[in-house]
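The block underneath contains the structure these notes are about, expressed in structure tokens.
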Amino acid sequence: MARKKQEEYKCPLEATMDIIGGKYKGVIIGHLINKTLRYNELQKLICHSTPKMLIQQLKELEADGIVERKLYPIVPPKTEYSLTERGRTLIPAIIELNKWGMNYLKEENIPCAYKEDAPISS
């Protein structure tokens, strides 16, 4: 299910947001930092996503070379997801976006279950 790639962008940030700007894409990347996770583990971590939406976001990240999917031919099937080399280059940006979000939530007094001293993928 490869998306049609734009042939031209007006700026590099537009291209970046096209790749990671999906509803759960940044969160998926954050959870995969230094980890390989099975689909069910991702689904538990991103429980507010529907299975259809999560699968769509994973397929788009895979098509863009950010996430690698490894399928094990066993019964029941086992699928694991990890960041590709290209995906790992996004880690510093995702960490900075996470920090920005924590500061925003503090400034606006908005509660968040995320623990500041926890790794980003917790």
> Below 4.0 angstrom, N of the basic side chain to O of the carboxylate: do Lys99 and Glu96 qualify?
Replying inline: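 Salt bridge present between Lys99 and Glu96.
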
> Got a sec: does the NZ of Lys70 have more than 12 other heavy atoms crowding it under 6.0 Å?
Replying inline: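 For Lys70, atom NZ is not crowded (no more than 12 foreign heavy atoms under 6.0 Å).
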
Measuring from [X]:[atom1] to [Y]:[atom2], what's the distance to the nearest 0.5 Å?
| X | Y | atom1 | atom2 | value |
| --- | --- | --- | --- | --- |
| Leu90 | Leu61 | CG | CG | 9.0 Å |
| Glu41 | Lys35 | CD | NZ | 8.5 Å |
| Thr50 | Tyr24 | OG1 | OH | 7.0 Å |
| Leu45 | Leu42 | CG | CG | 6.5 Å |

> In the single-linkage hydrophobic clustering (I, L, V, M, F, W, Y; side-chain heavy atoms under 4.5 Å), do Trp100 and Val27 co-cluster?
Replying inline: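 The answer is no; the residues belong to distinct hydrophobic clusters.
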
>> With clusters defined by side-chain heavy atoms of hydrophobic residues (ILVMFWY) lying less than 4.5 Å apart, directly or transitively, does Leu97 cluster with Tyr104?
In response: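 No, separate clusters.
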
Heavy-atom donor-acceptor pair, [X] side chain to [Y] backbone, under 3.5 Å:
| X | Y | result |
| --- | --- | --- |
| Thr89 | Arg86 | yes |
| Glu108 | Leu105 | no |
| Arg88 | Leu83 | yes |
| Glu14 | Lys10 | yes |
| Thr84 | Ile66 | yes |
| Gln57 | Lys23 | yes |

>> Please evaluate residues Gln56 and Leu54 with respect to the criterion side chain to side chain contact (heavy atoms under 4.5 Å, CB included), reporting the C-alpha separation (whole Å), side-chain torsions for both, the decisive distance (0.1 Å), and the verdict.
In response: CA-CA 5 Å; Gln56 178 185 339; Leu54 183 58; over 6 Å; no

Between [X] and [Y], is any pair of side-chain heavy atoms under 4.5 Å apart?
| X | Y | answer |
| --- | --- | --- |
| Ser82 | Val67 | no |
| Glu62 | Glu68 | no |
| Thr79 | Arg38 | no |

> Do you know the tightest heavy-atom contact between Ile94 and Gly30?
Replying inline: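 Ile94 and Gly30 have their closest heavy atoms at CG2-CA, 4.0 Å.
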
> What are the two closest heavy atoms between His31 and Ile46, and how far apart are they?
Replying inline: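 Taking every non-hydrogen atom into account, CD2-CG1, 3.9 Å.
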
>> Can you see whether Glu80 engages Tyr72 through a side-chain donor-acceptor pair at a distance of less than 3.5 angstrom?
In response: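 Tyr72 and Glu80 do have a side-chain donor-acceptor pair below 3.5 Å.
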
> Given Gln43 and Asn40, is the side chain to side chain contact (heavy atoms under 4.5 Å, CB included) satisfied, shown in steps?
Replying inline: CA-CA 5 Å; Gln43 197 172 30; Asn40 287 343; 3.8 Å; yes

>> Evaluate Leu58 against Arg69 for side chain to side chain contact (heavy atoms under 4.5 Å, CB included), listing each step before the verdict.
In response: CA-CA 9 Å; Leu58 284 164; Arg69 179 175 72 110; over 6 Å; no

>> Tyr81 vs Thr36, test: side chain to side chain contact (heavy atoms under 4.5 Å, CB included). Steps then yes/no.
In response: CA-CA 6 Å; Tyr81 294 90; Thr36 297; over 6 Å; no

